[in-house]
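Have a look at the structure below before the remarks.
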There are 2 protein chains.
Amino acid sequence: MASRQPRPAKETNATRDAIVAVADRLFYEQGFAHTSFSHIADAVGISRGNFYYHFRTKDEILEAVIASRMQATHDMIAAWEARDGSPAGRILCYIRIVVGNRGKIMRHGCPVGTLTGELAKLGHPSRPGASAIFGVFRGWLSRQFTLLGHARNADALAMHVLAFSQGVAVMDNAFRDRAFVEREVERMTRWLADVVAAPVEA
Amino acid sequence: MASRQPRPAKETNATRDAIVAVADRLFYEQGFAHTSFSHIADAVGISRGNFYYHFRTKDEILEAVIASRMQATHDMIAAWEARDGSPAGRILCYIRIVVGNRGKIMRHGCPVGTLTGELAKLGHPSRPGASAIFGVFRGWLSRQFTLLGHARNADALAMHVLAFSQGVAVMDNAFRDRAFVEREVERMTRWLADVVAAPVEA
DNA sequence: GTCTATAAGCTGATAGAC
DNA sequence: GTCTATCAGCTTATAGAC
């Protein structure tokens, strides 16, 4: 089926990858709307014109960035599953992101939450794609709660954990209060222990 | 001291007020960076040039918008205090914003949280001004918890309530799941009842 | 594959007529 | 006070040389 001569189209392209990596970082640090081709070109070390060999529009770069973040999300989850065999331990890995990534969150917020919010305001067609990254965490967390014996409330519990992380991220970005973050993580850890201890619902 | 002839400088200006009101709405709906003078001018019904009689720069409009939101925040809190005499009832007023304003939050997020986040990404000088609105809620909630006998943890409890509202706002914006919002508000209401019932700490 | 040169449009901002 | 006309600069995007 696949023609073999011109190149399988899956060949790695160093420049394209560099553009996506830099755009990923700048979209996170400065926002999508405020990041121009010039910003990205300067950081990558290429000319503005060279962009259009790899991408036709700015929106296409955004799509590639979202796809890259989606892949990174799956990789992170796979790493948690390889490291920790218990569902509770894995959920804790998620809860503790707000501590592990605190420096970046403090300055630029949660990468998923801020991108989803910005694309919502822009009425951007890639908004569902960004929200889908939240969806991956939601589904995965839900599966962990099901394994803990909370099949009936698994999705609600997953959403509660997601809301926790977003609330902490927004407040840390606004106030940069380290004690607050640690307090909320401890509170959530106790909450998780209670959920684990009561696997049967009324 | 105050000269009386040219006008006390506090005179109401209908055009200026209209600019601020429209900018307030558009900054919320579309974001600050993505809202141009043309957008505002078209919505107000004036020319682009007329702007500079009332404001010298776009940042000055933002400052006026933040000041206006700050005033609206104080007014809202005053209304809660006039309507509900109990500290717990007042805190509940705050908790229930995510239900009362759900339509707008779903589409554009929390006005305070999204503006603070955007200004952080832009490295904008008005970021502290936007965060100060959060600060007003924080201080006011803290005072309510103090009245409930939780003086020592008042600020931590206030921050927990703020984080709740931001977490729910971000997730509602991403998933638009009404049942989730109502569930989280009920959970928070039960939490508040527990806090009220245990006014003495270990 | 990367570059330079260029286009058309929008941006915030200014000057001056009315 | 509001307007029109205008500015320089930046934006995304294209064409074509190398």
Side-chain angles (χ1 to χ4, degrees), chain A residues 5-24 26-27 29-66 115 118-119 121-126, chain B residues 5-27 29-66 115 118-119 121-127:
Chain A
Q5 51 182 14
R7 225 118 271 184
K10 208 50 181 169
E11 184 182 11
T12 59
N13 183 316
T15 301
R16 198 197 124 102
D17 292 348
I19 290 172
V20 173
V22 166
D24 189 356
L26 292 181
F27 288 172
E29 293 176 356
Q30 311 182 336
F32 171 70
H34 189 245
T35 299
S36 70
F37 279 43
S38 297
H39 292 140
I40 304 173
D42 289 351
V44 175
I46 61 172
S47 68
R48 264 142 282 134
N50 190 6
F51 265 103
Y52 297 87
Y53 175 79
H54 302 280
F55 301 94
R56 272 171 300 184
T57 65
K58 191 183 175 186
D59 287 351
E60 241 179 46
I61 300 181
L62 176 61
E63 280 179 35
V65 166
I66 290 175
L115 182 63
E118 182 177 5
L119 297 185
K121 291 208 194 251
L122 300 180
H124 197 283
S126 281
Chain B
Q5 50 181 16
R7 226 117 269 186
K10 207 52 181 171
E11 185 182 12
T12 59
N13 183 315
T15 302
R16 200 197 122 102
D17 292 349
I19 291 172
V20 173
V22 166
D24 189 356
R25 179 172 62 81
L26 292 181
F27 288 172
E29 293 177 354
Q30 311 181 335
F32 170 70
H34 188 245
T35 299
S36 70
F37 279 43
S38 297
H39 293 139
I40 304 173
D42 289 350
V44 175
I46 61 173
S47 68
R48 262 143 281 132
N50 190 7
F51 265 104
Y52 297 88
Y53 174 79
H54 302 280
F55 300 94
R56 271 171 301 186
T57 64
K58 190 183 176 187
D59 288 352
E60 243 180 44
I61 299 180
L62 176 62
E63 280 179 35
V65 166
I66 290 174
L115 182 62
E118 181 177 6
L119 297 185
K121 291 212 194 247
L122 299 180
H124 196 282
S126 282
R127 189 190 81 87

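Chain identifiers are assigned alphabetically (A, B, ...) following the order of the sequence lines, protein sequences preceding nucleic acid strands; residue numbering begins at 1 within each chain. This one's a predicted model, so the numbers in the text were calculated from it and none came from an experiment.
- Within the 3.5 Å criterion, the main-chain N or O of B/F32 finds a donor-acceptor partner in the side chain of B/E118.
- Following rounding to the nearest Å, B/F51 (CZ) and D/dC3 (C1') show an atom-to-atom distance of 14 Å.
- Whole-Å rounding puts the A/E60 CD to D/dT12 C1' distance at 13 Å.
- Note: CZ (A/R48) to P (C/dT4) measures 8 Å, nearest angstrom.
- In this structure, B/I61 atom CD1 and C/dT11 atom P are separated by 13 Å, rounded to whole Å.
- For B/R16, the side-chain contact (heavy atoms from CB on, under 4.5 Å) partners are B/N13, B/H54, B/F55, B/A64, not counting sequence neighbours.
- Shown here are the side-chain hydrogen bond (donor to acceptor under 3.5 Å, both in side chains) partners of B/D59, two or more places apart in sequence or in another chain: B/H124.
- Between A/Y53 and C/dG1 there is a side-chain N or O to OP1 or OP2 distance below 4.0 Å.
- With sequence neighbours excluded, the residues that form a side-chain contact (heavy atoms from CB on, under 4.5 Å) with B/Q30 are B/L26, B/H34, B/T35, B/H39.
- Residues satisfying the side-chain contact (heavy atoms from CB on, under 4.5 Å) criterion with A/S47, sequence neighbours excluded, are A/N50.
- Note on A/H54: a side-chain N or O is less than 4.0 Å away from OP1 or OP2 of C/dT2.
- Under the side-chain contact (heavy atoms from CB on, under 4.5 Å) criterion, B/E63 pairs with B/S126, sequence neighbours left out.
- What separates OH of A/Y52 from P of C/dC3 is a distance of 14 Å, to the nearest Å.
- Dashed line: the shortest gap from a side-chain N or O of A/T57 to OP1 or OP2 of D/dA13 is not under 4.0 Å.
- For the pair A/I19 CD1 and C/dT2 P, the computed distance is 8 Å after rounding to whole Å.
- Atom P of nucleotide C/dG12 and atom CG of B/D59 are separated by 11 Å, given to the nearest angstrom.
- The distance from atom CZ of B/F55 to atom P of D/dT2 is 12 Å, rounded to the nearest whole Å.
- Of the side-chain N and O atoms in B/N50, none sit less than 4.0 angstrom from OP1 or OP2 of D/dG1.
- Closest of all the heavy-atom pairs between B/L62 and B/L115 is CD1-CD1, 4.3 Å.
- Contact check of residues 35-47 of chain A against DNA chain C (heavy atom, cut-off under 4.0 Å) returns A/I46, A/S47.
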